[in-house]
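Report on one structure; see the data block that follows.
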Amino acid sequence: MDILQQDIMYLPGVGPNRKKLLKEELGIESFGDLLEYYPYKYVDRSKVYEIRELTGDMPFVQVVGRILSFETFDMGPRRERVVAHFTDGTGIMDLVWFNGGKYAKQNYKTGQDYLVFGRPSVFNNRIQVQHPEMESGECRVESAQKMRPYYNTTEKMKKYGLTSKAIERLTYTLMEKLKEPLPETITPDILNSRHLMGRDEALRTIHYPQDTRKLEQARVRLKFEELFFVQLNILRYASDQRRKFGGYVFNRIGDTFNTFFHRNLPFELTRAQKRVMHEIRADMCSGRQMNRLLQGDVGSGKTLVALMAMLIAVDNGFQACMMAPTEILAEQHLQTIQLFLHGMNVRVELLTGIVKGKRRKEVLEGLENGEVQILVGTHAVIEDTVQFQRLGIVIVDEQHRFGVAQRAKLWRKGIERVVKGSEGGATLSLPHVLVMTATPIPRTLAMTLYGDLDVSVIDELPPGRKPIRTTHVFESRMTSLYDGIRRQIREGRQVYIVFPLIEESEKIDLKNLEQGFEVLVQAFPEFRLSKVHGRMKPAEKEEEMRRFVIGETQILVATTVIEVGVNVPNASVMVILDAQRFGLSQLHQLRGRVGRGADQSFCILVTPFKLSDDTRKRIDIMCETNDGFRIAEADLKLRGPGDLEGTQQSGMAFDLKIADIARDGQLVQMARDEAQRIIADDPQCQSETYQRLWNRLRELRKTNINWGVIS
């Protein structure tokens with residue numbers, strides 16, 4: 001048995017109780033897991049200071065000396081402060097414990113030498129170190145002459161003695177047990193061509209680096225390995241899919257598309273829209289399944305491009321489906337598509353939670369017999385009762401709002417009937433997939449998270465659009481903000497005012513919205529206001545939205561239900577209250593509700609004066625740029641990329657222990673280049689040359705399904 005697969009319980013110093021804690025808190029179950037639990041920082045322990053050199057503004061220091069005496073001070077009921085007077089012959093300093101003083105008195109002896117490590121401060125004109133790390137002065141002087149690793153631990157672990165120092169001791173013990181060099185996982189040609197450190201040296205160095213240069217080399221090696229195997233898995237799976245499955249061939253441009261293009265198209269396509277349509281058209285004729293990510297900022301015309309792709313499917317005798325994250329957005333898409341197809345003989349239907357009874361039955365029957373050609377809906381379209389006669393293309397809008405598994409379930413509906421009817425093991429065909437997002441995804445993230453997805457970008461807005469001006473206003477200036485709103489409305493414009501609605505405190509936020517609405521009614525007695533939030537009945541919500549859309553009300557007070565799917569060209573002002581509670585992508589989405597007409601539009605971000613550094617960065621980025629790609633890059637750095645091969649979509653990536661997609665773009669590209677070269681050279685994963693890689697990949701894979709390539 002490989003030593004790295006041994007149960008962590010059998011490492012000296014662990015045992016059953018610590019094993020349970022390590023598994024629960026850090027997911028560490030084996031020797032290998034511990035080895036891959038990397039330090040988060042290092043402190044230079046190469047210098048031993050004298051007490052006379054210390055000042056209160058120094059970072060961490062270490063001193064070798066002895067305890068002269070202990071003193072205990074009563075701090076109230078069951079609390080005490082323990083002070084040890086410590087000297088190295090050049091001066092005296094105090095070691096202070098507010099907690100754990102009893103342990104210190106029992107375990108540290110006067111007259112013995114200790115190596116003390118901590119951050120010095122000054123109290124009553126005397127140097128002190130609070131809660132110092134202490135070791136026998138003779139036992140670790142050698143190991144102190146290098147960079148000391150620090151490991152993240154949890155409060156629960158610290159309570160049971162599993163501190164950073166304890167983790168370091170366990171790692172040190174493990175290193176001592178690893179007498180033989182650890183097996184290499186990467187082929188010699190990659191190691192040599194990319195000048196990478198060997199695996200054994202890298203894993204030993206990452207825990208106990210001798211200097212910063214070696215540490216950086218170890219980091220590069222381990223980051224590359226992580227990213228390389230993620231890319232290799234994604235590309236191997238995608239290559240396998242391409243061999244097994246084709247895509248429906250839509251080589252006919254028929255009457256439906258031509259009628260729409262020559263008679264119903266309301267304006268000329270932008271250059272970017274034409275380019276993207278050429279890319280989509282080429283995919284649909286290629287015989288392989290289209291798997292394309294369509295990126296474009298709000299208002300760039302993605303829906304029109306999606307509709308034209310759906311009409312090509314209809315002309316070739318297939319059905320099309322568009323899935324949106326909310327009922328409002330689905331209804332908006334339906335209205336937009338019906339408006340575009342006015343006077344044309346194309347049956348378009350809606351399927352959401354509010355379509356019930358007889359109407360729902362008619363839609364489901366129409367899908368099954370092929371009479372419904374285009375279906376627009378929410379996640380209701382992935383229910384088992386929904387069966388298509390011949391689904392040819394799937395459009396998923398606002399992909400970041402759907403779980404990856406949900407999207408996969410939809411496109412699979414297009415192969416179920418084909419699989420049942422296929423004979424002789426012929427290549428099966430899959431429906432084409434077009435994923436749309438108004439939140440551009442940074443290239444390194446798209447490359448990793450969406451695997452083999454082809455990317456199309458609509459990078460220009462329709463002519464006549466002016467960039468939205470974004471400003472940051474503190475709550476103390478609401479009076480002047482109200483004056484600006486009045487001026488805009490008197491010039492004939494309309495205004496959105498958005499309150500946050502965060503799930504954890506929905507009731508509180510709803511109360512804030514209701515109270516805020518009353519304040520706004522009093523502040524603007526001369527205007528009419530609408531109110532929309534997620535707790536309203538659909539009919540009420542629709543009526544309030546309708547009043548705003550037709551101009552009956554001048555101000556729409558809402559929660560983030562309007563983040564997507566509201567198109568009111570006359571609305572030119574977006575006020576976002578408590579903007580500090582929104583993420584960058586949400587702020588960008590909300591801002592995209594204005595700027596849809598020819599007039600200058602404004603987005604005002606309102607916050608309290610006191611903000612965290614991260615929040616201030618978010619607000620500053622929003623004010624500096626309208627560029628969705630820049631915003632997405634910043635969002636990635638602030639929020640993390642999500643679980644790359646799993647279905648989690650925000651927060652730090654669980655599968656990456658050391659690499660950082662936001663900061664390691666060059667390594668992502670390098671890893672992808674190598675993975676593509678290997679797949680091209682050995683598509684069947686059978687070459688002896690690469691067996692080391694395929695064996696390692698098999699070890700790493702937790703599942704046979706790689707969600708990362710299901711667009």
Side-chain angles (χ1 to χ4, degrees), residues 13 18 21 26 34 37-51 53-72 80-88 90-123 126-176 206-210 215:
R18 280 188 160 185
L21 205 56
L26 302 178
L34 179 63
Y37 190 67
Y38 303 123
Y40 74 97
K41 73 171 184 179
Y42 304 83
V43 174
D44 184 1
R45 302 284 292 261
S46 58
K47 180 172 170 58
V48 176
Y49 287 84
E50 294 181 339
I51 290 175
E53 297 178 85
L54 303 184
T55 62
D57 57 358
M58 296 172 81
F60 290 97
V61 298
Q62 59 187 359
V63 178
V64 174
R66 60 186 57 189
I67 295 172
L68 296 171
S69 62
F70 282 98
E71 224 176 327
T72 303
E80 62 180 22
R81 175 167 59 102
V82 173
V83 178
H85 305 299
F86 186 85
T87 183
D88 66 348
T90 70
I92 296 175
M93 70 179 190
D94 292 337
L95 311 179
V96 183
W97 291 269
F98 294 97
N99 298 306
K102 188 177 176 185
Y103 175 90
K105 284 191 290 185
Q106 286 174 349
N107 288 276
Y108 303 134
K109 310 297 181 191
T110 56
Q112 285 188 15
D113 280 353
Y114 290 99
L115 177 72
V116 170
F117 178 75
R119 190 191 293 272
S121 59
V122 176
F123 181 71
R126 190 133 138 186
I127 292 289
Q128 68 167 20
V129 173
Q130 294 182 11
H131 298 281
E133 282 185 31
M134 295 183 65
E135 298 170 13
S136 164
E138 55 212 36
C139 77
R140 278 272 185 121
V141 172
E142 268 186 48
S143 72
Q145 309 304 312
K146 56 187 170 189
M147 297 165 75
R148 177 68 62 82
Y150 279 74
Y151 299 84
N152 274 316
T153 57
T154 65
E155 287 306 314
K156 188 175 178 182
M157 289 173 68
K158 286 173 188 167
K159 192 176 169 186
Y160 290 95
L162 268 175
T163 58
S164 168
K165 189 174 172 186
I167 299 283
E168 187 210 337
R169 281 201 189 110
L170 292 177
T171 308
Y172 190 82
T173 303
L174 176 57
M175 291 289 191
E176 293 290 293
I206 199 77
H207 292 286
Y208 293 104
Q210 294 301 320
L215 173 61

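All residue numbers refer to positions in the sequence shown, counting from 1. Excluded from the calculations below are hydrogen atoms, water molecules and symmetry mates; all remaining heavy atoms, backbone and side chain alike, are included. Since this is a predicted model, take the numbers as computed values, not measurements.
For Phe117, the ring-ring contact (aromatic ring centres under 6.0 Å, His included) partners are Phe60, not counting sequence neighbours. Looking at residues two or more places apart in sequence or on another chain, you find no side chain to side chain contact (heavy atoms under 4.5 Å, CB included) involving Lys159. Applying the ring-ring contact (aromatic ring centres under 6.0 Å, His included) rule to Tyr42 yields no partners; only residues at least two apart in sequence or on another chain are considered. In this structure Lys156 satisfies the side chain to side chain contact (heavy atoms under 4.5 Å, CB included) test together with Leu21, Glu24, Glu25, Thr154, Tyr160, sequence neighbours excluded. Thr90 meets the side chain to side chain contact (heavy atoms under 4.5 Å, CB included) test with Glu50, Ile51, Arg52, Asp88; sequence neighbours excluded. Residues satisfying the side chain to side chain contact (heavy atoms under 4.5 Å, CB included) test with Ser69, not counting sequence neighbours, are His85.
The distance from atom OG1 of Thr171 to atom OH of Tyr38, rounded to the nearest 0.5 Å, is 11.5 Å. Interatomic distance, CZ of Arg119 versus CG of Asp57, reported as 11.0 Å (0.5 Å rounding). Taking CZ of Phe86 as the reference point, atom CD1 of Ile127 lies at 13.5 Å (rounded to 0.5 Å). Phe123 CZ to Gln130 CD: the interatomic distance, rounded to the nearest 0.5 Å, is 9.0 Å. With rounding to the nearest 0.5 angstrom, the CD1 atom of Ile167 is 8.0 Å from the CZ atom of Arg18. Atom CG of Asn152 sits about 9.5 Å away from atom NZ of Lys41, to the nearest 0.5 Å.
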Point to revise | salt bridge (charged side-chain N to carboxylate O under 4.0 Å, His left out) evaluation trace for Glu155 with Lys158 | key: CA-CA 5 Å; Glu155 287 306 314; Lys158 286 173 188 167; 3.6 Å; yes
Exercise for review: Could you please spell out the steps behind the side chain to side chain contact (heavy atoms under 4.5 Å, CB included) verdict for Met93 and Val116?
Suggested key: CA-CA 11 Å; Met93 70 179 190; Val116 170; 4.1 Å; yes
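The two atoms that bring Ser164 and Pro149 nearest to each other are OG-O, 4.2 Å, heavy atoms only. Closest non-hydrogen pair, Pro39 versus Ile206, comes out as CG-O, 3.5 Å. Pro120 and Thr55 get closest at one heavy-atom pair: CG-O, 3.6 Å. Contact detail for Trp97 and Leu95: the closest heavy-atom pair is CZ3-O, 3.6 Å.
Judged purely by atom type and a 3.5 angstrom limit, Lys102 has no side-chain atom pairing as donor or acceptor with the backbone of Asn99. Using modelled atom types, one side-chain atom of Lys165 and one backbone atom of Met134 make a donor-acceptor pair closer than 3.5 Å. Checking side-chain atoms of Tyr114 against main-chain N and O of Lys109 turns up a donor-acceptor pair under 3.5 Å.
Residues Thr163 and Glu133 fail the side-chain proximity criterion, which asks for heavy atoms closer than 4.5 Å. Looking at heavy atoms from C-beta onward, Arg126 lies in side-chain contact with Ile92 at the 4.5 angstrom threshold. Looking at heavy atoms from C-beta onward, Val48 lies out of side-chain contact with Val63 at the 4.5 angstrom threshold. Proximity of Val96 to Val129: side-chain heavy atoms (C-beta onward) are nowhere separated by under 4.5 Å. Contact annotation: the side chain of His207 never approaches that of Leu174 to less than 4.5 Å [non-hydrogen atoms, C-beta and beyond]. The closest side-chain heavy-atom distance from Gln62 to Arg148 is not below 4.5 Å.
In this pair, Tyr172 and Tyr208 present their aromatic rings perpendicular. The plane angle is above 60°, beyond the 30 to 60° band.
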